[in-house]
There are 2 protein chains.
Amino acid sequence: MLYTIGDVSEKTGLPAPTLRYYDKEGLLPFVNRGNGGIRKFQDTDLEWLRLIECLKASGLQIKDIKRYIDLFIQGDTTIQERRKMFYDQKECVEEDIKALQNTLDMLTYKCWFYDMALELGSVEAVKNLPDSEIPEKIRKLKAKINRMHVSSCQKKSIVKAG
Amino acid sequence: MLYTIGDVSEKTGLPAPTLRYYDKEGLLPFVNRGNGGIRKFQDTDLEWLRLIECLKASGLQIKDIKRYIDLFIQGDTTIQERRKMFYDQKECVEEDIKALQNTLDMLTYKCWFYDMALELGSVEAVKNLPDSEIPEKIRKLKAKINRMHVSSCQKKSIVKAG
DNA sequence: GTTTCCCTTAAAGTTAACTTTAAATTTTAA
DNA sequence: TTAAAATTTAAAGTTAACTTTAAGGGAAAC
């Protein structure tokens with residue numbers, strides 16, 4: 001099964017110029033061309049795109065993903081380096097998830113806060129609520145948030161891959 | 001307790017020029033100035049910075065955060081809009097966490113794959129492994145990944161906040 | 001056949017969030 | 001009192017990842 005760039009764009013949701021940009025940056029070295037120089041994508045190319053999007057989501061930059069593809073092309077001598085790349089990225093993503101969970105705690109607290117503000121008619125009224133009126137769950141959240149530092153909601157993703 | 005911009009930079013890890021940039025963009029309207037025009041941060045300003053970093057981590061842009069601060073300054077008439085903002089962002093972050101968990105599944109699989117490749121000496125050997133040699137956990141992961149679309153590891157964070 | 005898509009490239013433009021620079025002023029330490 | 005360190009501003013520069021534009025070529029619908 002062969003696909004044009006338009007087919008792939010529709011299948012993946014990535015704009016065709018983005019796919020051409022990825023190709024230009026060396027992220028799609030396996031995509032063949034037809035007579036008139038027209039790209040013919042295969043199912044394996046769609047799998048590559050899925051991996052590329054995953055690596056991007058994990059915080060890797062285009063040039064780092066190209067680095068991985070270059071290593072792949074070099075073959076089995078680069079297994080160690082590729083392995084390290086995935087372990088490093090896994091660690092980054094685990095930290096990102098933790099950071100996002102802190103962010104989610106803050107947002108959950110704020111959602112409760114503004115639910116109450118809407119109910120009581122003012123922000124001040126919520127601030128003046130006695131502790132006994134605040135659900136246990138929210139009190140714990142508030143305490144956790146107060147222990148947080150600025151850096152606990154920041155991402156660590158950017159790492160020199162290699 | 002009052003802090004200079006240098007103190008705050010050290011406390012938060014944010015470079016002083018970044019703090020000035022936030023101020024210029026209207027994110028720090030509560031920071032007072034001394035005689036010579038020098039910023040005097042208070043503990044409440046540090047709390048604002050913590051909220052700002054959380055909102056940034058949730059995917060909000062600077063201008064959206066400014067919008068929130070403007071709404072805050074306007075007072076209780078904007079409670080509904082602020083509430084909606086937090087609910088929208090909460091939803092975004094929940095989706096981001098799900099996407100990152102898909103990314104993590106892919107990376108976990110790849111880590112196993114390259115552990116095996118290192119052990120067996122080649123990528124091909126891992127591809128040729130009979131199903132019976134693949135741990136149940138990894139087989140499930142592989143099946144899950146095969147069901148994934150490109151979009152399942154993409155972030156949804158960017159939303160017109162309002 | 002021709003018109004209309006869809007494809008191609010190269011190159012310029014966009015955007016957000018800083019970051020750097022330069023020049024001036026203020027504060028702090030000796 | 002003076003020198004060093006930190007602060008101020010405005011403005012220009014940077015970076016990544018696209019996105020848009022322009023100019024052209026080949027295949028399918030009518």
Side-chain angles (χ1 to χ4, degrees), chain A residues 2-28 31-42 45 49 52-69 92 150-151 153-161, chain B residues 2-28 31-41 45 49 52-69 92 150-151 153-155 157-161:
Chain A
L2 296 175
Y3 312 98
T4 67
I5 203 167
D7 297 334
V8 176
S9 173
E10 202 173 342
K11 264 176 157 349
T12 62
L14 298 168
T18 301
L19 293 167
R20 294 198 189 95
Y21 166 71
Y22 285 176
D23 195 7
K24 195 172 59 128
E25 294 301 309
L27 266 48
L28 303 172
V31 174
N32 295 317
R33 303 287 186 121
N35 275 350
I38 286 178
R39 290 175 186 84
K40 302 287 179 193
F41 288 77
Q42 295 177 318
D45 297 319
L49 278 171
I52 287 168
E53 289 308 297
C54 258
L55 291 177
K56 224 152 57 72
S58 83
L60 277 191
Q61 294 183 358
I62 300 286
K63 62 169 183 246
D64 300 323
I65 299 174
K66 178 176 166 35
R67 169 85 183 137
Y68 167 73
I69 287 168
C92 283
V150 166
S151 58
C153 24
Q154 286 168 338
K155 300 211 164 174
K156 307 285 156 71
S157 271
I158 296 121
V159 148
K160 281 141 214 94
Chain B
L2 294 176
Y3 312 98
T4 67
I5 203 166
D7 298 333
V8 175
S9 173
E10 202 173 338
K11 265 177 160 342
T12 62
L14 298 168
T18 301
L19 294 168
R20 292 196 190 95
Y21 165 72
Y22 285 178
D23 195 6
K24 195 174 58 129
E25 295 299 310
L27 264 49
L28 303 171
V31 174
N32 294 318
R33 303 289 185 118
N35 276 350
I38 285 176
R39 293 176 185 83
K40 301 289 179 190
F41 289 78
D45 296 318
L49 278 171
I52 286 167
E53 289 308 297
C54 257
L55 291 176
K56 224 152 57 72
S58 83
L60 277 191
Q61 296 184 355
I62 300 284
K63 63 170 183 243
D64 298 324
I65 300 174
K66 178 176 166 35
R67 169 85 182 138
Y68 167 73
I69 287 167
C92 284
V150 166
S151 59
C153 25
Q154 286 169 336
K155 301 211 163 175
S157 269
I158 296 120
V159 147
K160 281 142 213 93

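Side chains are part of it too, since the values below use all heavy atoms of this structure and drop only hydrogens, waters and symmetry mates. Letters go in sequence order (proteins before strands), and every chain restarts at 1.
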Could you check which residues of residues 16-24 of chain B get a heavy atom under 4.0 Å from DNA chain C? Sort them by number, please.
-> B:P17, B:T18, B:Y21, B:Y22
So what does A:K40 touch, heavy atoms closer than 4.0 Å: a base, only the sugar-phosphate, or nothing?
-> nothing
Between B:V8 and B:L49, what is the shortest heavy-atom contact and its length?
-> CG1-CD1, 3.6 Å
For A:K63, the side-chain hydrogen bond (donor to acceptor under 3.5 Å, both in side chains) test, sequence neighbours excluded, returns A:Q61
Using whole Å, report how far CG of A:L28 lies from P of C:dT8.
-> 12 Å
Comparing A:K63 with B:D7, nearest DNA chain D nucleotide closer to 5' gives the residue B:D7
In this structure, NZ of B:K40 is separated from CZ of B:R33 (nearest 0.5 Å) by 11.0 Å
Which atoms of nucleotides 24-26 of chain C (N or O only) lie under 3.5 Å from a protein N or O atom, and what are those distances?
none

Taking the side chain as C-beta and beyond, is there a heavy-atom pair between A:I52 and A:L28 under 4.5 Å?
-> yes
Which pairs pass side chain to side chain donor-acceptor pair (under 3.5 Å) with one or both residues in residues 13-22 of chain B, sequence neighbours excluded?
-> B:Y22-B:E53, B:Y22-B:K56
Between which nucleotides of DNA chain D, read 5' to 3', does contact with chain A run, using atoms under 4.0 Å from its heavy atoms?
-> D:dA16 to D:dT20
Contact list for residues 5-19 of chain A, test salt bridge (Lys or Arg N to Asp or Glu O under 4.0 Å), sequence neighbours left out | none
